[in-house]
Each structure stands twice: as structure tokens, then as C-alpha cells.
Amino acid sequence: MNRKILPLLIVFLLSFSTLYCQKFPFGKLKKGASLVGGATREISEEEEYFIGRAVAANILSQFSLLKDQTFSGYLNTLGSTLAFRSQRPEVYGGYHFALLDSEEANALSAPGGVIFITKGLLRITSTEDELAAVIAHEIAHIVAKDPLKAIRSERVKQLGAFTAGEVMESQGASGNMMDLFQNSILDITGTLLQKGYSRGQEKEADLAAIALLRETGYDPSALLSVLKKIEEASGKPKAKVLSAHPPAKEREKYVQKALEGETPQVEQPERRQRYSAAKRALGL
Amino acid sequence: MKKRLSWLGALVLLLSLLPLQGKDAKVKVLTARLLSRADYLSSTLATLSKGEKVAVLETQGNWVKVKSPSGGQGFLHLSALDLSGGKASLSGLLPGQKGTSEKEVAMAAKGFNEGNEKKLKGTKGYNFQDLEWVMTQKTSTAEVSRFIQKGKLK
């Protein structure tokens, strides 16, 4: 190598590694700026918020909301405790948790941090740790931006074209901004309520939930115990339990493996007391 | 002489990289708490709003030590910040393109936004009234701290 260039190269490499790699979280930057659905347009935090609001409003047009202040206060404090320790504690409009008055056992996360659980799923849980496991799983979907990935990639590309000013004549009705918005909402609600996420996404969310439960001090094995209860409930006639999720039995296998060596915690009296009080407020 | 010049060139290059330590970042969420420590439950020094610029001082895991516009130093979580330094170009965006109204073009420039939501309000299949109730359900940091402490959480 040219001896005149060598000092330049050494100093450049040294300065790059110390300044950039130590001071700047490039890995995280890349993650934060990741494209949704492999398309050419990144959905901003603000857009995610408005998509999420519309998805939540759509869900609320299909299910009644239970507006009990005691339970809502408990649920939101529990959810925030988990969200604060997650990999994405800050979302555009903050996290919000609500209970749907439905006997179908389900949990749903709208983009941007609106998380719903149903009364049917709440009935299946019997401890705060199990309820925390359900919510941690939903928060993991928000962290991974899974609801946004349900938007068909061509729509995200069209949105990119719109914002870049390349509105194509050939797009016709599908090129209309409002159609694009509404169709994106339907893509997401269709996934949340019927189609479901991929098995890979569900597995990632379960494993992330275990990590989050550990991080917050909840019993990670509560995820396994709630999955067993879900499996049991699914076997009952006319049961509608997490119909958009992979079978609980399938999930139990890898969850059990991830929990190897874990000793289940003894239930904390304070957690038991406040969980029971919140459920009692609903008459459960 | 030439050898000295190449070392001098290297020094100049090194100095040119230093300003990255003070790189600007923007708050990308509606409001973000500037915290005294790299911990969500630490005290709030100030509340920053969307779009406010901060200078990045250093990072600690998922936390970024920043200097706020008022000069105060504190921590923000990485998820509250836009470190990309700019959005995609909107050049070429011309109102009145075939099949697109000026309003739509203006809306498209911002992507999905409040304008889309306004059009949905009142239409069948969307219950924004109940959503507003959900959005008012919040909890304070003090409540979360108590909840953690009493429940023997971390």
C-alpha cells in the first residue's frame, strides 16, 4: 500500500469506529427507519397514529366498549408498566388499553399503541401475571410494527408515490388517497380479526413478551399458563378463542423451550388483591 | 514534507468528524418527557413537543442524552427521536394532476393524517366517539411507580 495513504487510512478508520460506532446507535437507527412491508415508503409515526385511530374506531364499531373507570385505571397502569420497559416506550400518542365487551376471547393491537382485550380473554386469565403476559404479547406486536405490516405492500408503494408527487393516471380509483387510507385500515382489521399474523410474527411476539415479563419482574411462565388455559377453553363447544392466532398448543412448545430453567414465581399478595378488585368491579 | 502533509490531512479528517457528537435530532412523538436519568421512572425535567430539535450528546443503550432548545440536558428514549435528519423529497408534487384534487395533493404531501380521519368521522363502520373515551384513559408516572413498588415489580 502507498505509504503516504496509510496514515490517512488508519486515522480515518480509527475515528470512524470511535465516533460513529460508540456514540451512534447505527443498528437501532436502521431498525427505526425500517421500511414497512418491504415497500419503498416508510410510514411515519404520525401516520401510524392516524391509521391506528381509524383501525381502533373500526374495531369499536364491531364490539362494545366496557367503560368501567376502576378496571380501566388498573388496565392502563398495568399496560403502561409494561410499555415503559419495552423496546418502544414512546409512541406518537402514547399507549392506551381498553376492554371490549365480548365473550369471544381475543386481544388486539391497533397500530400506534391502542390495545384491546376482550372480557372473554380476561375471564380466562386468573392472575395479574397472566393478564400481563397477554398485554406483553400485544405490546410486542406494536414494537415490531406488525399491524402496519398487514397493509398490502402495493398500497404502501402507492402512498410513497403520492407523497413523492408521482400520482399515476393509471392508478384510477385505487390512487385516491382516501381509498388508500380506508383500504389500509381494512387490511389491518382483516388481519387482526380474521386472517391473523404469520406464525413467525406470533412466535417473535411470544418470545418478546417473555423478555418483557422478565424485564418488568412479572413471572415469564405466566405466558405458558395462560396459553394452557386458552387451549383448554378452545376445546369447549362453540368456543371462540383467539381465532386469528395459531393454536395455543403449537405456541406452548416454543414458549416452554424458552422458559427452560425458569422457576415459576409465587403470586405476590398485592398483585392478587388488585387484580381481583379490578375484576370484581366488572362483576367477574 | 509530503509525509507531514499526509498526517495533517488525516488530522483535518478526524476533526471534520467531531461535529457528529452534536448531531441534531427531532422529537417525533406528540410529547416526550426529558428525564433526569436514563430511566422512564426518573423525574421529568421538561416536556418536549413534536418537531422540537435537540442536540445529541451521547447514547446509553436505548437512551439518548440530549441538550434541549432551552439548554437543559437530560435523557430521551430512542423511540421518541427522529435521528434520520430529513424526510423524503416532495419535489415534483404538483396540484391539479389528472384525477387528483388540490386538497388531495395537499393531503398526500403529509401522508395519512387528520384530514383522512375527518372524512371517516360519521361514516358507518367507525366509532370515533368511543375511541375518544379510550384515548382519555391515561396513567401518570407516579401511579406507575406506586404500582411497581407495591406489586414488587422492577
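Since the model is a prediction, treat every value here as computed from it, not as a measurement. So you know, we letter chains A, B, ... as the sequences are listed, proteins then strands, and number each from 1.
The existence of a salt bridge linking A:E48 and A:R88 is confirmed by a sub-4.0 Å separation between a basic side-chain nitrogen and an acidic carboxylate oxygen.
Your options are B:E114, B:R33, B:Q60, and the one with the most heavy-atom pairs under 4.5 Å with chain A is B:E114. When each of A:V114, A:T216, A:I51, A:I59 is scored by its heavy-atom pairs under 4.5 Å with chain B, the top score falls to A:T216. With chain B as partner, the option from A:P89, A:G94, A:G217 having the largest number of non-hydrogen pairs under 4.5 angstrom is A:P89. Among B:N127, B:L41, B:L120, the residue with the largest count of heavy-atom pairs under 4.5 Å with chain A is B:N127. Annotation: maximal heavy-atom pairing with chain B below 4.5 Å, among A:E128, A:E215, A:R85, occurs at A:R85.
Under the side chain to side chain contact (heavy atoms under 4.5 Å, CB included) rule, B:K65 has a single partner from B:L57, B:V56, B:V54, which is B:L57. Checked options A:L66, A:T70, A:L65; the residue passing with A:D68 is A:T70 (criterion: side chain to side chain contact (heavy atoms under 4.5 Å, CB included)).
For a heavy-atom cut-off of 4.5 Å, chain A lies close to B:K50 in residues 45-52 of chain B.
Interface residue A:L78: backbone and side-chain heavy atoms are both found under 4.5 Å from chain B. With a 4.5 angstrom heavy-atom cutoff, B:E132 touches chain A only via side-chain atoms. Within the 4.5 angstrom heavy-atom criterion, no atom of A:T189 approaches chain B.
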Side-chain donor/acceptor pairs under 3.5 Å, residues 141-154 of chain B, sequence neighbours excluded:
unit_1	atom_1	unit_2	atom_2	d
B:E143	OE1	B:S140	N	3.2
B:E143	OE1	B:S140	OG	3.2
B:S145	OG	B:T141	O	3.2
B:K154	NZ	A:R214	O	3.1

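Within the structure, ring pair (Phe, Tyr, Trp, His ring centres under 6.0 Å) pairs that include any residue of residues 28-72 of chain B comprise A:F84-B:Y40, B:Y40-B:W63, B:W63-B:H77 (at least two apart or interchain). The ring pair (Phe, Tyr, Trp, His ring centres under 6.0 Å) contacts involving residues 49-72 of chain A comprise A:Y49-A:Y92, where partners must be two or more places apart or lie in separate chains.
Between B:Q137 and A:S72, the side chains place a donor N or O and an acceptor N or O closer than 3.5 Å (distance only, hydrogens not considered).
Proximity of a side-chain donor or acceptor of B:D82 to a complementary backbone N or O of B:K28 within less than 3.5 Å is not detected. Distance alone, capped at 3.5 Å, is enough to place a donor-acceptor pair between the A:S61 side chain and the A:N58 backbone.
Within 6.0 Å of atom NZ in A:K67, more than 12 heavy atoms from other residues, nucleotides or ligands are found, so the atom counts as buried in its surroundings.
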